[in-house]
Number of protein chains: 2
Amino acid sequence: MTSRPADIPSTEPISKSRLRLWLKLLKTSGSIEEELRRRMRAELGTTLPRFDVMSALARAPEGLKMSEISRRLRVSNGNITGIVDKLTEEGIALRVAVPGDRRANLVRLTPKGQKIFAEHAGRHEAWIDEILAGLNADDVAGMMLRLEHLSDTLEGD
Amino acid sequence: MTSRPADIPSTEPISKSRLRLWLKLLKTSGSIEEELRRRMRAELGTTLPRFDVMSALARAPEGLKMSEISRRLRVSNGNITGIVDKLTEEGIALRVAVPGDRRANLVRLTPKGQKIFAEHAGRHEAWIDEILAGLNADDVAGMMLRLEHLSDTLEGD
DNA sequence: CTTTAATATTTTAAGCTTGAAGTAAAATTG
DNA sequence: CAATTTTACTTCAAGCTTAAAATATTAAAG
């Protein structure tokens, strides 16, 4: 594994290589995300953050506390408040009181929300399959191994 | 390259593998970005978008048109207007008229902006080096190859 | 108990982001 | 050369995002 584009000197310091890797990672990830965001809006009339919240709720039929949603999605608390407010107004989610703790709420998908999410999730998976169609099973496995290694080196991830 | 975590069946359809890969890519990239954003704010009192614009300008001493900045950074036109407004107010960037085309402006870093960017860029590279310290030269090269392959399969990127 | 600390969430202010609509200037067409 | 289209940019409305401050409640300490 010593091949490299002709314009990158082998004597490049490792810090430059790491920087180059990060910029590539950011660009690649951003391209895919941009395409997903575009389709979410155009074809489903929703946004990635909403989809992410619904996705988290769909995996927890018993409901999730607000703080648990923000922890899982790695976004701030206040952020989730606004998104759940909207989903609630639309009858997609609802807040259920937690017996014995009047501070907290459990957020759940309504039946309507479950139905909508199932549709959206199917479309989402099909889009990813389409966008990543150029990667075969070996490509996917190889990339996944690299990412797991990288992710392991990011402490506390 | 057939190893895989024990909880993922080898019979998983490729679409599921691709979805899993995307989620991993998104999470990894997001973790790094989050850490960078945090340090930008805490240690430099700036933001990633501002840094990105300054970075684009730093590479083009002769200046860039607004539309060229937004094209390179893959963000909307209106977005760049606001960021360049701020940089201009702060004396970091300036708009220069384009002779013969009164619609367009060339945006440049001021000497002050160049100085600030040089400092920020040094810190930024050091942070990446630190965050990715767990990857040696071979890791970086291998990951880069995978990313280039992936990026090649995303048409028009 | 009652003061203090921790937890759960919401509100707020500031800034980023987009897509669409608006303005102005330049290029093209007939 | 007048009408139309394209290009460059800004403004706008709506929504996402964060960190910090504010509320409310529960738990812990003395």
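The chains referred to below are lettered A, B, ... by the order of the sequence lines, with proteins before strands, and numbering in each begins at 1.
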Candidate pair B/L26 and A/I32, rule side chain to side chain contact (heavy atoms under 4.5 Å, CB included), full reasoning: CA-CA 9 Å; B/L26 184 61; A/I32 298 173; over 6 Å; no

Minimum-distance nucleotide (side-chain atoms of [X] versus [options]):
{"X": "B/D101", "options": "D/dT26, C/dT18, D/dA8", "result": "D/dA8"}
{"X": "B/M66", "options": "D/dT26, C/dA26, D/dC9", "result": "D/dC9"}
{"X": "B/R103", "options": "D/dT7, C/dT9, C/dT18", "result": "D/dT7"}
{"X": "B/N79", "options": "C/dT17, D/dT25, C/dT10", "result": "C/dT17"}
{"X": "A/K86", "options": "C/dT10, D/dG15, C/dA24", "result": "D/dG15"}

Is B/E148 salt-bridged to A/K24, going by a charged N under 4.0 Å from an acidic O?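 Salt bridge between B/E148 and A/K24, a charged N being under 4.0 Å from a carboxylate O: no.
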
Could you tell me whether the side chain of B/D129 and the main chain of B/A126 form a donor-acceptor pair under 3.5 Å?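 Not confirmed, B/D129 side chain does not pair with B/A126 backbone.
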
Where does the angle between the aromatic ring planes of B/H120 and B/F51 fall among parallel (under 30°), tilted (30 to 60°) and perpendicular (over 60°)?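 B/H120 and B/F51: parallel rings.
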
Is the distance from OP1 or OP2 of [N] to the nearest side-chain N or O of [X] less than 4.0 Å?
{"X": "A/K65", "N": "C/dT9", "answer": "no"}
{"X": "A/R41", "N": "C/dG19", "answer": "no"}
{"X": "A/R95", "N": "C/dT10", "answer": "yes"}

Would you kindly compare A/G100 and A/I80 by the position of their nearest DNA chain D nucleotide and give the one closer to the 5′ end?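 Counting from the 5' end, the first nearest nucleotide belongs to A/I80.
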
Could you give the [atom1]-to-[atom2] distance, from [X] to [N], as a whole number of Å?
{"X": "B/I83", "N": "D/dT11", "atom1": "CD1", "atom2": "P", "value": "15 Å"}
{"X": "A/E34", "N": "C/dT17", "atom1": "CD", "atom2": "P", "value": "12 Å"}
{"X": "B/N77", "N": "C/dG19", "atom1": "CG", "atom2": "C1'", "value": "11 Å"}

Within the 4.0 Å heavy-atom criterion, would you say [X] contacts the bases, only the backbone, or no part of the nucleic acid?
{"X": "A/R37", "answer": "nothing"}
{"X": "B/T81", "answer": "base"}
{"X": "A/S67", "answer": "sugar-phosphate"}

Looking at side-chain heavy atoms only, is the closest gap between A/E43 and A/W127 below 4.5 Å?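 Side chain of A/E43 against side chain of A/W127, heavy atoms only: contact under 4.5 Å found.
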
